[in-house]
Amino acid sequence: MYALVDGNNFYVSCERVFRPSLEGIPVVVLSNNDGCAIARSNEAKALGIAMGAPWFQIKHLAEQSGLVALSANFELYGDMSDRMMSLAAGLGHAQEIYSIDESFVELSGIRGDLVERAHKVRSRILQWVGIPCCVGIGSTKTLAKLANHIGKTAERKPGSYPSHLAQVCNLAAMSPEERDSIFAATAVQEVWGVGRQISKQLQAGGIQTVKDLIRLDPATIRSHWSVVLERTVRELQGTPCIDLEHNPAPKKEIATTRSFGRPVLELHQLAEAVTDFASRAAEKLRKQSGMANQVLVYIRTSPFRPDPQYSRSITTPLRRPSADTACIAKAALDGLQRIFQPGFKYAKAGVMLLDLQHEGQQQCELDLEGDSQKDRSTLMTALDGLNQRYGKGTLHMASAGVEGSKRVWSMKQERRTPRYTTSWEDLPVAKA
DNA sequence: TCTGGGGTCCTAGGACCC
DNA sequence: TCTGGGGTCCTAGGACCC
C-alpha cells in the first residue's frame, strides 16, 4: 500500500507562505527568462491559464484580472520542499522523494485508519510549513497517484467527485461499485504514464476513461503500444510493477541547459555560455562523486521564430573519466567549435555529461600524470568550497565571461522574490 | 520583443560480427 | 524471378514525468 503526498500548486504555495496577500488572487510562477507559467494558483487555473502558457500571451490578465506573476525562486522552493518532505515521511516507514513537491510513502505495516492518519499529516504540514497538500492512497504507486489527483480535483472543483474524497482519497478502501463510478468519471490522460500522444491514440480506439483502460488485456496493450503502458495498466488493475526507490540512485546523466535572454550570434558568446554550463554541470557531477566519460554539447535556434533553423549536438569522449571543470569545459568547447555555424540566431545551448560512473570505479592505469591529477582534484574541491561559501560564480573559468551586461546570453529574471529561508540578507523582518 | 529545465526509459535502425 | 540469421552495440528520437 502506498500514499502519494503532493503539495498543491507548490511554487505558488511557497510564495504565499511569505506573502499572505497573494492568498485568494490569481498567481503564476514563471520559468527562467520569465518565459512561461510553470505553476498556477487555483484562481489562475480558473482564468484558463494552461500549464506552460507563455507569459507574453497571458500578460494582459495582469491588468484585466489582477494576475500576479513571479519569477521562479528555486532556492526557496528547495528549502520548503525539504521541510515538507520530512513531515510527509512520518506517514509510514519508507519514503521516496519523487520530485520537489511529491513523495511516495510505503504504508504496509501501518495500523489503524489510514485516511485519518493522512489527514493528520496533512494538517501538520499545513500548520508547520504552510503548504497545503493532498494525499492519495492505493495498492500501487499508479493508483496512489490517481487517488491524489482525485483528492485534488474533488477539493478544487466541487461536484466533480464525492466531497468526502477531497484532500485525502483512499482508493483501496472503496467498494468496487464506488471505485468503478470514479474510474468512469476520470479521463485516461489523468493516469500517470499516459500523456498527450498515447491518450489521443487510446481515445481514437474508443478508450476514454480509466474504467475503459483498466478492462484491457495487458498483452494487447503491449503489442499495440509498449511494455511501459502495459505496466501502467497492470498497476491500475492492482498488480504492483513499480517499486518504491529506497535510496536515491545516482544520476545517469547530468545536464545544464539554458535559453538565452536574447538571441546570440557570435561563437565567442556561445563559448562563454557553454563554459559556464560546463562548469555548473561539473559541479553537480562532483556533488554526487561521479565522473563522466562523455560530454555532449548542443546549440539551437528558437523553433518559435520564423528565422532559419539550426539545431545540432555532438558528443565528445574524454580520454579518461573526469570531473574536472577545465577538462569538461575543454571537451564542450571542442564540440562547440565543430557544430557552430555562423549566421543563425541561437536561442539555447546546453552541456550534458554522459556515461557517468562513481569516482571510486576509476580504472587503475599506469599513469605518469598521477600527481598532477591529484592536484587538480584538490583544486576542484577548493573551487567548490569557495563557491559554496561566497556564492555561485565567485570563482569560475576565465572563458565564462564576467557577470553583468557583457554576458549577452544571461537570462532575464525580473520578478524574483527574496530568498526568505536560505539567504541572511533576504530574511523576512518582523515589524512591531 | 516575448515560448523552461532536468531527467528517465524504450524503440528503431544502422553498423558490425560470426 | 530468387540474396541468411542472429546477436550486440550504439545513436537518435520519441514519449513520458515534474
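Within every chain, numbering begins at 1; the chains are lettered A, B, ... in the order of the sequence lines, protein sequences first and strands thereafter. These values consider heavy atoms only, across backbone and side chains, with no hydrogens, waters or symmetry-generated copies.
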Report summary line: Ranking A/F56 and A/V227 by the position along DNA chain B of their nearest nucleotide, the one closer to 5' is A/F56
Report task. Specify the separation, in whole Å, of atom CZ of A/F74 and atom C1' of B/dG4. Result -> 8 Å
**Report entry** Nucleotide B/dC2, atom C1' - distance to NZ of A/K345 in whole Å
**Finding:** 13 Å
Query raised in the report: Does A/R231 pair with A/E235 as a salt bridge, N-O distance under 4.0 Å?
Result: no
Report task. Let me know the distance between CZ of A/R300 and C1' of B/dG4, rounded to the nearest Å. Result -> 10 Å
Query raised in the report: Taking the side chain of A/Q57 as its heavy atoms from C-beta onward, which of B/dC2, B/dG4, B/dT3 lies nearest to it?
Result: B/dT3
Query raised in the report: Looking only at side-chain N and O atoms, does A/T257 come under 4.0 Å of OP1 or OP2 in B/dG4?
Result: no
Report summary line: Numerically ordered, the residues 301-310 of chain A set in heavy-atom contact under 4.0 Å with DNA chain B is A/F304, A/R305
Query raised in the report: Could A/R286 and A/E359 be called an ion pair, given the rule that one side-chain N must be under 4.0 Å from one carboxylate O?
Result: no
Query - Main-chain N/O of A/T153 paired with A/S160 side-chain donor or acceptor, under 3.5 Å - result: yes
Report summary line: Between NZ of A/K287 and C1' of B/dG6 the distance, given in whole Å, is 15 Å
Report summary line: From CD1 of A/I38 across to C1' of B/dG5 the rounded distance in Å is 9 Å
Report task. Starting from P on B/dG6, measure out to CD1 on A/I254 and report it in whole angstrom. Result -> 11 Å
Report task. Between A/K59 and A/W225, just flag the one whose closest nucleotide in DNA chain B comes earlier from the 5' side. Result -> A/K59
Requested in this report: Using the six-membered ring wherever Trp is involved, compare the ring planes of A/Y346 and A/F340 and label them parallel, tilted or perpendicular (cut-offs 30° and 60°).
Outcome: tilted
Report task. Any chance you could list the contact pattern along nucleotides 8-18 of chain C? Use B for base contacts, S for sugar-phosphate-only contacts and - for none, protein heavy atoms under 4.0 Å, 5' to 3'. Result -> -------SSSS
Query raised in the report: If you take all heavy atoms of A/F277 and A/T256, which pair is closest and at what distance?
Result: O-CB, 3.6 Å
Requested in this report: Find the distance A/N33:CG to B/dG4:P and express it as a whole number of Å.
Outcome: 8 Å
Requested in this report: Apply the test ring-ring contact (aromatic ring centres under 6.0 Å, His included) to residues A/W192 and A/F104: give CA-CA distance (whole Å), side-chain angles for both, the deciding distance (0.1 Å), then the verdict.
Outcome: CA-CA 13 Å; A/W192 187 38; A/F104 288 101; 5.6 Å; yes
Query raised in the report: Which stems, defined as runs of 3 or more consecutive Watson-Crick or G-U wobble pairs with both pairing distances under 3.5 Å, involve DNA chain C?
Result: B:5-18 with C:5-18
**Report entry** A/Q294/A/T315 under side chain to side chain donor-acceptor pair (under 3.5 Å): CA gap, chis, key distance, verdict
**Finding:** CA-CA 6 Å; A/Q294 306 200 64; A/T315 306; 5.1 Å; no
Query raised in the report: With sequence neighbours excluded, what pairs up with A/Q189 under the side chain to side chain donor-acceptor pair (under 3.5 Å) test?
Result: A/Q203
Query raised in the report: OP1, OP2 of B/dG5 versus side-chain N and O of A/S31: anything below 4.0 Å?
Result: no
Query raised in the report: What are the two closest non-hydrogen atoms of A/L143 and A/G138, and how far apart are they?
Result: CB-CA, 4.1 Å
Query raised in the report: Are the charged groups of A/R16 and A/E43 less than 4.0 angstrom apart, N to O?
Result: yes
**Report entry** Whole angstrom value for the distance that separates C1' of B/dG7 from NZ of A/K251
**Finding:** 7 Å
Report task. Take A/Y2 and A/S108 through the side chain to side chain donor-acceptor pair (under 3.5 Å) test and state the conclusion after the steps. Result -> CA-CA 8 Å; A/Y2 298 94; A/S108 51; over 6 Å; no
Report task. Any chance you could lay out the salt bridge (charged side-chain N to carboxylate O under 4.0 Å, His left out) test for A/R338 and A/D334, step after step, and finish with the verdict? Result -> CA-CA 7 Å; A/R338 284 193 275 161; A/D334 285 349; over 6 Å; no
Query raised in the report: Mind checking what makes ring pair (Phe, Tyr, Trp, His ring centres under 6.0 Å) contact with A/Y77, not counting sequence neighbours?
Result: A/Y11, A/F74
Query raised in the report: With no hydrogens and no angle check, is any side-chain donor or acceptor of A/N148 less than 3.5 Å from a backbone partner on A/C134?
Result: yes
Query raised in the report: Quick one: is B/dG6 close enough that its OP1 or OP2 comes under 4.0 Å of any side-chain N or O from A/K284?
Result: yes
**Report entry** Contact list for DNA chain B against residues 228-238 of chain A - heavy-atom distance below 4.0 Å
**Finding:** A/V228, A/R231
